Amino acid sequence: MADAKVIPFDDDRRGAGGRTSGRAGRPAARRRARERGDGGLAPVGEVPGAAEGPGAPTGPETAEGATGGGTASAGTPGSSGEPPVLDRLLGEGWDARTARGLSFLRRRLTGEYEVDDFGYDAELTDAVLMSLVRPLYEKYFRVEVRGVENIPADGGALVVANHSGTLPWDGLMLQVAVHDHHPAERTLRLLAADLVFMLPVVNELARKAGHTLACAEDAERLLERGEVVGVMPEGFKGIGKPFSERYKLQRFGRGGFVSTALKAGAPIVPCSIVGAEEIYPMIGNSRTLARLLGFPYFPITPTFPLLGPLGAIPLPTKWTIQFGEPIPTDGYPQEAADDPMLMFNLTDQVRETIQHTLYKLLVQRRSVFF
Amino acid sequence: MGRVVLVTGAGRQLTARFIRRVQRDGDIDRLIAVDVQPPAHQLGSAEFIAADIRQPAIGRLLAEHHVDTVVHMDVNGTPIGPRGSRTSVKETNVIGTMQLLGACQKAPSVRRLVVKSSTNVYGSAPRDPAVFVESTVAKALPSGGFAKDAVEVEGYVRGFARRRPDVSVTVLRFANILGPTADTPLAEYFKLPVLPTVFGYDPRLQFVHEDDAVEVLALASGEPRRGSYSAGTFNIAGGGVLLLSQCARRLGRPTAPMLLPAIRWAGSALRAVGVTDFSPEQIRLLTHGRVVRTSQMREMLGFTPMFTTAEAFGDFAGSQPPGLLPPRTLAGAVDRLQEAVRHG
């Protein structure tokens, strides 16, 4: 948000009613900021009211809040009238951004924010976590998103994607793609392997970013609540496959995702990700080390154990994420979710769609890196 | 003929509150409170009978007084005083429940049984679903401590329900009970000046206010209301979720993240000097957290808690002395910074 270059776009869009598209679009974060108090200094006046959880607020604080609100309304026209030095140095509207940042800091410090049952911290994800991954998405992998409008604007949907790349960067990029580019500003709730929730720090961040364990209970609950759920049914078989098998879809588990979608009546959106296969070309797999460390695989890439931590830097490939036509699942009878033949057929249909789209995208691709 | 209610675990503060609460309803003829030691809390007009539920004598008590409702609240994680031992608590939980249920089985007058259990029965493991429902079977069953007791108690209760299908059996799985006077292990934990946390984990916690706990026990021990159904197992928790980091910030207490092995060691050290009961299952809770679904409670039992998780915690935090980093001071500091930025 501190990037001065995006400010004019920002203002244009706000004036035009705030539509998305465009690379720098961070609609959700911006919309929330606007809700908090239209970019002005109002948030500060508002927060003391919200912060009355612990230790009932008493005289001084409310008084302070009231004076804060007062000076805010007085201060805004003043700062827009004259062009002060700070405005030129820090870019226009810096004070509004500082105010927003400080009220964010205030909410974080006092614990006055909300998380859902799964631990999804929408505010932290929008303001911090997404901004951390976004440079990677925009500048490093230069992700091109196609057909994001195939995710319905409301109601539950199950995004099924291929999985690759040794480390699950593709999941994160998929999340940024939906977050930044979907016209209805939807958030993707990814289902992650249990390993994610066993690792310290990783599990904490994953929960706060809205991920949850890949199990039928959690997926059903999320779909019932009308969330967009992202799943990569290949699992470790897909992400940990050798470089020679790139873009060959692995078996889609037992197709549990199909029956979950059927039970919830949520459409399945097939999604093909090209570019993630080449970020860490896995030329070997040390089974002994994997078993020793309790990981499903231990990758050996041209750089990884050789250059130590430097080997964890992915190759800057050019990515394409293509969302396909949604496959409706609401036309089936109640007991269809237990019909194995139907499950296999639907699973195959989804798998074929993703595989064909992958081949199509690969043919169109000019080079791995551009 | 009026109702005769027998309540176990009368020495506990929550039980005493429950006893005082049901007296206000007025549809109870006799209220018999049972515990080993005379209670330290006011019981109102209830009759206290010193009896050990681990002894078969409890059966005579049931028959003598024609008890029709048994509220079993003597299922606890911690000993009552600082001198009580974990072994005797376990014995009361497990053997006591066995004896009590045996006695209930032989007492034809018993029509209703309410058991206070805990969401501890779900355990806490990274492989579990994020939200537990009543029918979830935990991936890793609790291996010891109170959680195992609760699992065993519920097993006996299920057996009893099979053998006496005419008795309405209600099992209430309470989330962590919190409130201004709660004396649960988690409340003790939140009273520490610096909260030791597990590095790299931010568990999701759910609380139920003590007032709500008393209310739901009163609701379950009475005749079910029209359209509601009180037999069965219910998760009892306030709506919403708080992360441990949020709790610490709202309390204004700094956290001290420690690696898991270190915190295990520190836990046993703290326990040895008697500062707080930092049991392995509490460490597990503070590592992986636990959230339960409460739609059964709302729809079947017809109970809506007055306090959400955040409100219950707020009420608890309000009753505590301010911590080292009071949220109000921090908010004030940010506001002053804001002022400085605006004028500078």
Side-chain angles (χ1 to χ4, degrees), chain A residues 41 43-44 47-48 51-58 60-61 64-65 67-68 71-72 75 79 86 94-95 98-99 102-103 105-119 121 194-205 207-208 212-213 215-222, chain B residues 125-133 136 139 198-204 206 239-243 245-252 257 259-260 287-289 291-293 310-311 313-318 320 322-323 325-328 330-339 341-344:
Chain A
L41 295 172
V44 195
V47 178
E52 56 190 31
T58 45
E61 204 193 344
E64 202 170 1
T67 49
T71 38
S79 59
L86 277 172
W94 65 273
D95 47 353
T98 321
L102 283 175
S103 70
L105 179 72
R106 199 193 149 140
R107 278 193 302 279
R108 301 312 296 187
L109 283 178
T110 50
E112 295 299 325
Y113 49 90
E114 299 216 344
V115 298
D116 78 355
D117 286 359
F118 296 86
D121 189 337
D194 51 2
L195 181 65
V196 168
F197 298 100
M198 288 183 202
L199 299 172
V201 184
V202 176
N203 84 91
E204 188 181 339
L205 291 174
R207 282 250 175 251
K208 285 181 181 173
T212 191
L213 184 75
C215 61
E217 293 95 331
D218 283 8
E220 265 176 56
R221 198 168 155 78
L222 282 169
Chain B
R127 285 160 167 271
D128 284 321
V131 181
F132 292 104
V133 295
T136 312
K139 290 275 189 310
V198 184
F199 172 76
Y201 293 88
D202 200 358
R204 295 160 300 136
Q206 246 180 346
V241 165
L242 278 182
L243 298 179
S245 59
Q246 264 180 305
C247 294
R249 286 174 208 179
R250 288 182 186 202
L251 263 182
L259 291 174
L260 204 49
T287 311
H288 301 295
V291 173
V292 295
R293 189 175 195 168
E311 285 163 358
F313 190 77
D315 198 30
F316 167 76
Q320 297 299 311
L325 300 168
R328 259 201 286 160
L330 291 179
V334 175
D335 286 340
R336 277 196 295 283
L337 191 64
Q338 180 90 53
E339 286 294 308
V341 167
R342 201 172 299 144
H343 297 301

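Reminder, nothing fancy here: chain letters follow the sequence lines and each chain counts from 1. Fair warning: this is a prediction, and the values are worked out from it, not measured in the lab.
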Distance in Å, A:Asp121 CG paired with B:Asp202 CG, rounded so as to fall on 0.5 Å steps: 9.0 Å

Pairing residues for B:Ala130 by the side-chain contact (heavy atoms from CB on, under 4.5 Å) criterion, not counting sequence neighbours: A:Phe118, A:Arg207, A:Thr212, A:Asp218, B:Arg204

Considering all heavy atoms, the nearest A:Glu204-B:Gly200 contact: OE1-C, 3.3 Å

Pairwise side-chain contact, B:Ser245 with A:Lys208, heavy-atom cut-off 4.5 Å (strictly under): yes

Spatial distance of atom CD (B:Gln246) from atom CZ (A:Arg107) [nearest 0.5 Å]: 12.5 Å

Verdict with supporting geometry, A:Glu112 and B:Arg249, side-chain contact (heavy atoms from CB on, under 4.5 Å): CA-CA 9 Å; A:Glu112 295 299 325; B:Arg249 286 174 208 179; over 6 Å; no

B:Tyr201: side-chain contact (heavy atoms from CB on, under 4.5 Å) partners, not counting sequence neighbours: A:Pro200, A:Asn203, B:Val198, B:Thr287, B:His288

Contact check, side chains of A:Arg106 and B:Asp335, non-hydrogen atoms, under 4.5 Å: yes

Minimum side-chain heavy-atom gap A:Leu109-B:Val334 below 4.5 Å: yes

Closest non-hydrogen atom pair between A:Met198 and B:Pro126, with its separation: CG-CG, 3.5 Å

Engaged part of B:Val131 at the chain A interface, taking heavy atoms whose separation is under 4.5 Å: both

Interatomic spacing from CZ in B:Arg127 to CG in A:Leu213 - rounded to 0.5 Å: 9.0 Å

Residue A:Tyr113 excluded, over 12 heavy atoms near OH under 6.0 Å: yes

Shortest non-hydrogen contact between B:Pro327 and A:Thr110, atoms and distance: O-CG2, 3.3 Å

Most contacts with chain B, counted as non-hydrogen pairs under 4.5 angstrom, among A:Leu205, A:Val201, A:Leu199, A:Asp116: A:Val201

Approximate separation, where rounding is to 0.5 Å, of A:Glu114 CD and B:Leu243 CG: 11.0 Å

